[in-house]
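Sequence lines set the chain letters: A, B, ... in the order given, protein chains first and strands last, and positions in each chain run from 1.
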Amino acid sequence: MSTDTQRLLLIDGHSLAYRAFYALPAENFSTSTGQTTNAVYGFVSMLINVLADEEPTHIAVAFDLGRQTFRLAEYPEYKAGRAKTPDEFHGQVELIKDVLKALAIPVVVKEGFEADDVLATLACQGAAAGMEAGIVTGDKDAYQLASDSITILYPKRGVSDLTRMTPAAVEEKYGVTPANYRGIAALVGEKADNLPGVPGVGEKTAAKWLTKYGDLPNVIEAADEIGGKVGGSLREHLGEVERNYRLNQLITDLELDVSVADTRRGEVDREALDDLFDQLEFQVLGRRLEALLGSTTEERPSADIPEPRLLSAAEFTSWLQAVDAEAPVGIATDAQFALGLGTVDSIGLAQHDDVVATDLSRLDESGVDALSRLLAEHAHLTFHGAKAQLKALVQAGYPMPWLETDTEIAAYLVVPDQRAYELTDLCTRYCGFSPGQTEPEEGTLDLALGGADAALRALGRNAWSTVQLAAALRAILADAKMVGVLDEIDMPMVTILAQMELSGIAVDLTALQGLIDEFGAQAADSAEAAYAAIGHEVNLGSPKQLQAVLFDELQMPKTKRTKTGYTTDADALADLLVKTGHPFLEHLLAHRDSIKLKQTVVGLHRMVADDGRIHTSYLQTVAATGRLSSVDPNLQNIPVRTDAGRRIRDVFVPEQGAGFSELLTADYSQIEMRIMAHLSGDESLIAAFRAGEDLHSYVGARVFGVGVDEVTAEMRSKVKAMSYGLVYGLSAYGLSRQLQIGVDEARELMDGYFERFGAVKAYLDSSVENARSVGYTETMYGRRRYLPQLTSDRRQVREMAERAALNAPIQGSAADIMKIAMIRVDAALREAQLKSRVLLQVHDEIVVELAAEEYAQVAALIRSTMGGAAALSVPLDVNIGHGPTWQQAGH
DNA sequence: ATTGCAGCAA
DNA sequence: ACGTTGCTGCAATC
């Protein structure tokens, strides 16, 4: 960009704010006073980026004004059918205008016109005055304005990534000139504006026609000579197309209160801006803006990343030998891991501002030694998403590193309910710079053009970035007193999980194949019987087709509504079976059972690796409470409640012929209720656990006012359901439905419980109230979960948050205790030089592969370690079993 | 490719 | 509207 050209930046405020609102999760952007700020954050973040990128000399933001526009007047259905914008959005537009005012950026509106018309007018005026104009808008109609002097900056995904739509880019994407883009839009239609186009005509067909006939009026004129089905379709919809064409034309000659000269950048009101950002609690964003406004050179933040050096094998070795043992080292690799096998080809390393990268395959022996020593001995290694990389490195022959910080996990601890923790996003958010593209652009040309080197440099940048990010996140965790959770619980877990996943668990393939055949045959039989019962075939797996059979064909009474019709879930079907006695239902239910089992065993079979074992992956940053989750396959939901289901657990066995003899399972009994007893301090409940009697009978005796041996099986099961339900925030209505009893009886049960265990109720209530006032819940070890929805005025949203607030400290403390136990078990097994190893974790249970002759020692070690993992006011009971399969090791 | 339903676990 | 936290597979929809 030449410095003497004047650059005009024009932004569609409403459309960008709206995109930001939906791109950023509202629950992660809310101030302590409850103001939602996601749209403001996204908008301002986009604004900062675009100011840095475009360096405009002139700038303006347009907003829509007035409900009545000329488009609506011509077509009353314009933009109809759009969902009502949520209340959380409107207030944020005002905040955005406040920010713009402080930044001295004029806001332009014109009654009866949309923001894009205003922008089009200003852009044309600017272009006429010899300026370069950029229009930031989420409305593609603006493409029609693209020219040598006007570029459209269209947000690709979210609001952070803007595509530059020049005339060439428009032509490349749509095959037509910007002027003809209107024709494409008119033919294809725009769903968001409720402007239907020609059915069957997409961008390709539209472009073909426009190229052939020149422009849309010519296409319309020639409509009669266009053959085929689409030709007919076009003739039928000419009216709509002409209307779309009129409506999507942007107005470029509005009379505005603001002229291009008025948009010259003015003096920023720093004080107002500081106040505003304080109020919005935008710390990082404030610093980013500060950096941008403060420096006259307006250096890009990403320019701060040191340029990575690509090293030869010899250079790499000497770099490693010169590493400072006291300073953090960032590591990033291109590791991939699937089905028990990993690959890692290249590595980036960073210490201080020295960033290097190399191909691992090129390393000679001394290079491998030096890297091994770094991994084994350095005390300050930082990764982002370490576990898969550790596994791949270990399989490549390197030692298992001791890692100080995994920035993905640190970011999870800071905000545990985010969907993704991408390094780039986190750097933008917490450090105010962006390491940029983490992987080279797709496409075969890249390799030829040095894509491999670019990929190496990206690894170097990632390695450096993760060190900066670790420092930023640790500072935040220190403020929240959560460094202990990071260092003592979640970091040590990473290597333990990596080892468990590398081990995997052996399966008996013959037995597994047997189950596939058996469950498959059962499913086929039930399906046949079901078809016979109604006289025709139907896809039993399709709720929609089942509804047709049950409610239309067989005229059965309607079940509970779902979004798309009536439920056909197992409860409802069982209910219908009682009411109608129709044999179809019986066979359908049997089919559901066996097809589900078959699906499960087929899924497991698919995941057996070449070593005959299943290597699940544990996810450490998914469950908002601190639990682990398991994928590929999920080994935390293997059936156990039915006999048929339990048989699946029989295919999990110890490794054959390697000195392993049995599997051992160890689980905490009623850990969540014990935690509830501890946290509430309820004397009765604590006494119940200390008595060591059957908990549900003990509680049942209290609730029903009878002796412990007078508690019937029915009473016990009711109490059991209620006790478990309490941990989840169960209501009387929910309890009544689950137990198939009246709401009154359920209410009496709950009242009875709370009367005898008063401190439990007090604890549950105060726990929610406390979370509402501070904004988060806490486990016994300080792991937080933020729940800003606790102050929502939408009842359903608020109550959902209340139940989450009730559950999170209990579920989360249990998860913490299990993690601590696993860390200590791992250490104790090592210490005692035992060969047995932990393979699986299922929330309150671990599965251990027992080396021959080690049962007694391992059982004792695990019982005492798990039982002593936390000091509660009640004992932590551990059940242990062992046997030749997972099923038989259970108890 | 995404959404909804259904069903498994703790 | 009415019980938390997860994952997977299928059908239907875009």
Which part of the nucleic acid, if any, lies within contact of [X], taking any heavy atom under 4.0 Å across all strands shown: a base, the sugar-phosphate backbone alone, or nothing?
X: R606(A); result: sugar-phosphate
X: Q811(A); result: base
X: A570(A); result: sugar-phosphate
X: K596(A); result: base
X: A624(A); result: sugar-phosphate
X: I638(A); result: sugar-phosphate
X: G725(A); result: base
X: R803(A); result: sugar-phosphate
X: E672(A); result: nothing
X: V640(A); result: sugar-phosphate

Given [options], the nucleotide with the shortest approach to the side chain of [X]:
X: D569(A); options: dA1(C), dA6(B), dA12(C); value: dA6(B)
X: K563(A); options: dG6(C), dT5(C), dG4(B); value: dG4(B)
X: L619(A); options: dT5(C), dA11(C), dC7(C); value: dC7(C)
X: D844(A); options: dG7(B), dA10(B), dA11(C); value: dA10(B)
X: T562(A); options: dA6(B), dG3(C), dA12(C); value: dA6(B)

Side-chain N or O of [X] versus OP1/OP2 of [N]: is the shortest distance under 4.0 Å?
X: Q841(A); N: dA10(B); result: no
X: S630(A); N: dG6(C); result: no
X: S542(A); N: dC10(C); result: no
X: K544(A); N: dT13(C); result: yes
X: N634(A); N: dA9(B); result: no
X: R641(A); N: dA10(B); result: yes
X: T600(A); N: dT8(C); result: no
X: S629(A); N: dC7(C); result: yes

Revision key, fill the gap. Tested for side-chain contact (heavy atoms from CB on, under 4.5 Å) against L790(A), the lone hit among R772(A), E799(A), E769(A) is R772(A)

Exercise for review: Could you tell me the separation between the CZ atom of R747(A) and the C1' atom of dC2(C), rounded to a whole number of Å?
Suggested key: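 Between C1' of dC2(C) and CZ of R747(A): 12 Å.
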
